K.L.:
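Have a look at this one.
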Amino acid sequence: MGMCVCPQWIIRITHIDKCTVNRLPSTGCGPPEKQGAQGRIFFLFFFIMVRTKTKTGVFTIAVEEASAERGDTNKKSCIFQQYVQPCLAELFGTSLFVFVGCASVIGNVGAAGVIQPAVAHGLALGVLIMVLGQISGGHFNPAVSLSVYLCGGTGLSLLLPYVLAQMCGGMVGAGLTKVIYPTDVYNASLGGAFNIVNNDLGKTTVAEVIMTLFLTTVVCMGAVNGQTRSPSAPFCIGLTVTANIFAGGTVSGACMNPARAFGPAVAANHWNHHWVYWVGPASGALLTVMFIRLLFGDQKTRVVLK
């Protein structure tokens, strides 16, 4: 037997109990003895449907709001990991590298040879690349960042922030060195700043070009180029720095890194022929890019004969 639905009024239901059920009106249809029961059944059914739909709507809105909040959080986290964290890693790593480098030069005053600076620079760089390389690539050197960018290893949006972070890191590292050493010891070594002693700017610049060419080639071939990429790249890069200091430390100081030259130059206020340590490394980095893009790069990296 069907039930005729003819409610005569609409009620807002916020609470239902036994007394409320007994007061619900009949549908006004069917035999008189069944109208009350049918009306109560109808309004109970109506109450359940209204409450269910209301709860479902609230749940849906809450889920959408939670999803939006998670989306905003994920977006902020993505921006931090892609841009902020790598720059902080470059700042931190360059600070430690320059600190160790300057300290090793200051501690080597009066000693014969360049063993201490060579080993200290190479070990510090290799360890820092191993630890921070997965975050920023472990450049710690504007010349390296330039060559890596031009070889397709990083984006343009990070090139300038990286260079700025490295320059700031160089100043921080050199400043820490100045703080921990006595003034007379610090001044005797110019705070680890580079000083051209032979006054032959041509030979000094060429030496920086060749040594930076060697360093950036190892970086790009060992860490960027897909065909020759190697897990031992941090170790190889550190050894390259050590070898270059052994080879050219007495000629130009074997800088290969404008940030390494800039930091102690600011701290010690020593700017004699400072341009050499920008022109030489930048030229060496550009030569590396030419060789890799034209000759040694894999099919993705080469611009000719693909």
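Numbers here simply count residues along the sequence, with the first being 1. This structure is a prediction, so every number in the text was calculated from the model and none was measured.
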K.L.:
Please tell me whether V127 and F92 are part of a single hydrophobic cluster in this structure, the criterion being side-chain heavy atoms less than 4.5 Å apart.
P.N.:
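Yes, same cluster.
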K.L.:
Could you tell me if the side chain of Y186 sits less than 4.5 Å from the side chain of V179, heavy atoms only?
P.N.:
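Sidechains of Y186 and V179: no contact.
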K.L.:
Please tell me if the side chains of Q82 and P86 come closer than 4.5 Å, counting only heavy atoms from C-beta onward.
P.N.:
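When only atoms from C-beta onward are counted, P86 and Q82 do not touch, as no gap falls below 4.5 Å.
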K.L.:
So, does R302 use its side chain to make a donor-acceptor pair with the main chain of L305 at under 3.5 Å?
P.N.:
yes
K.L.:
Within the structure provided, determine whether V219 and F214 are in side-chain contact (heavy-atom separation under 4.5 Å).
P.N.:
no
K.L.:
I want to check something: taking the side chain as every heavy atom from C-beta on, are S252 and V276 in contact at a cut-off of under 4.5 Å?
P.N.:
no
K.L.:
Rounded to the nearest 0.5 Å, what's the gap from CD1 on I79 to CD on Q85? Could you check?
P.N.:
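So the gap between those two atoms works out to 13.5 Å.
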K.L.:
Would a distance-only check, ignoring hydrogens and angles, find a side-chain to backbone donor-acceptor pair under 3.5 Å from T288 to T216?
P.N.:
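Such a contact is absent between T288 side chain and T216 backbone.
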K.L.:
Is a side-chain donor or acceptor of Y162 paired with a backbone partner of S136 at a separation under 3.5 angstrom?
P.N.:
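Side chain of Y162 to backbone of S136: a pair is present.
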K.L.:
Determine, using the 4.5 Å side-chain heavy-atom cutoff (strictly less than), whether V218 and V119 are members of one ILVMFWY cluster.
P.N.:
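V218 and V119: one cluster.
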K.L.:
Do you know which two heavy atoms are closest between V209 and S283, and how far apart they sit?
P.N.:
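Shortest heavy-atom contact: CG2-CB, 3.8 Å.
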K.L.:
Q166 side chain to L91 main-chain N or O, any donor-acceptor pair under 3.5 Å?
P.N.:
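Looks like no, no N/O pair under 3.5 Å.
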K.L.:
So L286 and L150, do their side chains get closer than 4.5 Å, heavy atoms only?
P.N.:
yes
K.L.:
Quick one, L128 with V131, criterion side chain to side chain contact (heavy atoms under 4.5 Å, CB included). Give me CA distance, side-chain angles, the key distance, then yes/no.
P.N.:
CA-CA 5 Å; L128 288 170; V131 172; 5.7 Å; no
K.L.:
Answer yes or no: is there a donor N or O on one side and an acceptor on the other, between the side chain of R229 and the main chain of C220, under 3.5 Å?
P.N.:
no
K.L.:
Can you tell me if OH on Y83 sees more than 12 non-hydrogen neighbours from other groups inside 6.0 Å?
P.N.:
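No.
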K.L.:
Any chain of hydrophobic side-chain contacts (each under 4.5 Å) joining L295 to V304?
P.N.:
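Looking at the clustering, V304 is in the same group as L295.
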K.L.:
Could you tell me the separation between the CD1 atom of I292 and the SG atom of C151, rounded to the nearest 0.5 Å?
P.N.:
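Answer for the CD1-SG pair, I292 versus C151, is 4.0 Å.
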K.L.:
Short question: side chain of N244, backbone of A254 - any donor-acceptor pair under 3.5 Å?
P.N.:
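No; judged by distance alone, with no hydrogens or angles, the pair does not exist.
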K.L.:
Could you report the tightest heavy-atom contact between G192 and I106, atom names first, then the distance?
P.N.:
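Looks like N-CG1, 4.0 Å.
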K.L.:
Flag the pair P182 / V185 as yes when at least one side-chain heavy-atom distance between them is below 4.5 Å, and no otherwise.
P.N.:
yes
K.L.:
Applying side chain to side chain contact (heavy atoms under 4.5 Å, CB included), run through F296 and T217 and close with a yes or a no.
P.N.:
CA-CA 10 Å; F296 305 125; T217 299; 5.9 Å; no
K.L.:
Closest approach of M167 and P258, non-hydrogen atoms and distance?
P.N.:
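That closest heavy-atom pairing would be CE-O, 4.2 Å.
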K.L.:
How far apart are the closest heavy atoms of G248 and M211, and which atoms are they?
P.N.:
CA-SD, 3.8 Å
K.L.:
How far does CG of N187 sit from OH of Y181, to the nearest 0.5 angstrom?
P.N.:
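Here the rounded value is 14.0 Å.
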K.L.:
Can any side-chain N or O of R293 pair as donor or acceptor with the backbone N or O of T301 at less than 3.5 Å?
P.N.:
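Yes; judged by distance alone, with no hydrogens or angles, the pair exists.
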K.L.:
Taking atom types as modelled, is there a side-chain donor on Q116 or S104 under 3.5 Å from an acceptor on the other?
P.N.:
no
K.L.:
Do you reckon I129 sits in the same ILVMFWY cluster as I135, going by side-chain contacts under 4.5 Å, direct or chained?
P.N.:
yes
K.L.:
Can you tell me how far apart OG (S95) and CD (E90) are? Round to the nearest 0.5 Å.
P.N.:
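One gets 10.5 Å once the value is rounded to the nearest 0.5 Å.
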K.L.:
Please test I115 against F246 for side chain to side chain contact (heavy atoms under 4.5 Å, CB included), starting from the C-alpha separation and ending with a verdict.
P.N.:
CA-CA 7 Å; I115 295 178; F246 277 129; 3.9 Å; yes
K.L.:
Which heavy atom of V98 sits nearest to which heavy atom of A174, and what is that distance?
P.N.:
CG1-N, 3.8 Å
K.L.:
Pair F140, F97 - check ring-ring contact (aromatic ring centres under 6.0 Å, His included), show working.
P.N.:
CA-CA 8 Å; F140 316 129; F97 173 69; 7.5 Å; no
K.L.:
Please check if the side chain of E208 supplies one atom and the backbone of C255 the other of a donor-acceptor pair under 3.5 Å.
P.N.:
yes
K.L.:
Before you tell me yes or no, could you show the steps for N198 and I196 under side chain to side chain contact (heavy atoms under 4.5 Å, CB included), namely the whole-Å CA-CA distance, both residues' side-chain angles and the distance that decides it to 0.1 Å?
P.N.:
CA-CA 6 Å; N198 58 12; I196 300 176; 3.4 Å; yes
K.L.:
Mind checking whether H121 and V100 have side chains closer than 4.5 Å, heavy atoms only?
P.N.:
no
K.L.:
Measure the acute angle between the ring planes of Y277 and H274, then classify it against the limits of 30° and 60° as parallel, tilted or perpendicular.
P.N.:
tilted
K.L.:
Among T94, I237, L215, T212, which one satisfies side-chain contact (heavy atoms from CB on, under 4.5 Å) with N141?
P.N.:
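In the set T94, I237, L215, T212, the residue that makes a side-chain contact (heavy atoms from CB on, under 4.5 Å) with N141 is L215.
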K.L.:
Would you indicate whether the side-chain heavy atoms of L176 and I180 approach each other to under 4.5 Å?
P.N.:
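Heavy-atom side-chain distance check fails, nothing below 4.5 Å.
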K.L.:
Report yes or no: do N225 and T228 form a side-chain donor-acceptor pair below 3.5 Å?
P.N.:
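Indeed, the side chains of N225 and T228 share at least one donor-acceptor pair under 3.5 Å.
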K.L.:
Are I245 and L123 joined in one hydrophobic group, where the rule is that I, L, V, M, F, W and Y side chains link up if heavy atoms are under 4.5 Å apart?
P.N.:
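Looking at the clustering, L123 is in the same group as I245.
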K.L.:
For the residue pair A143 and P281, what are the closest heavy atoms and their distance?
P.N.:
CB-O, 3.8 Å
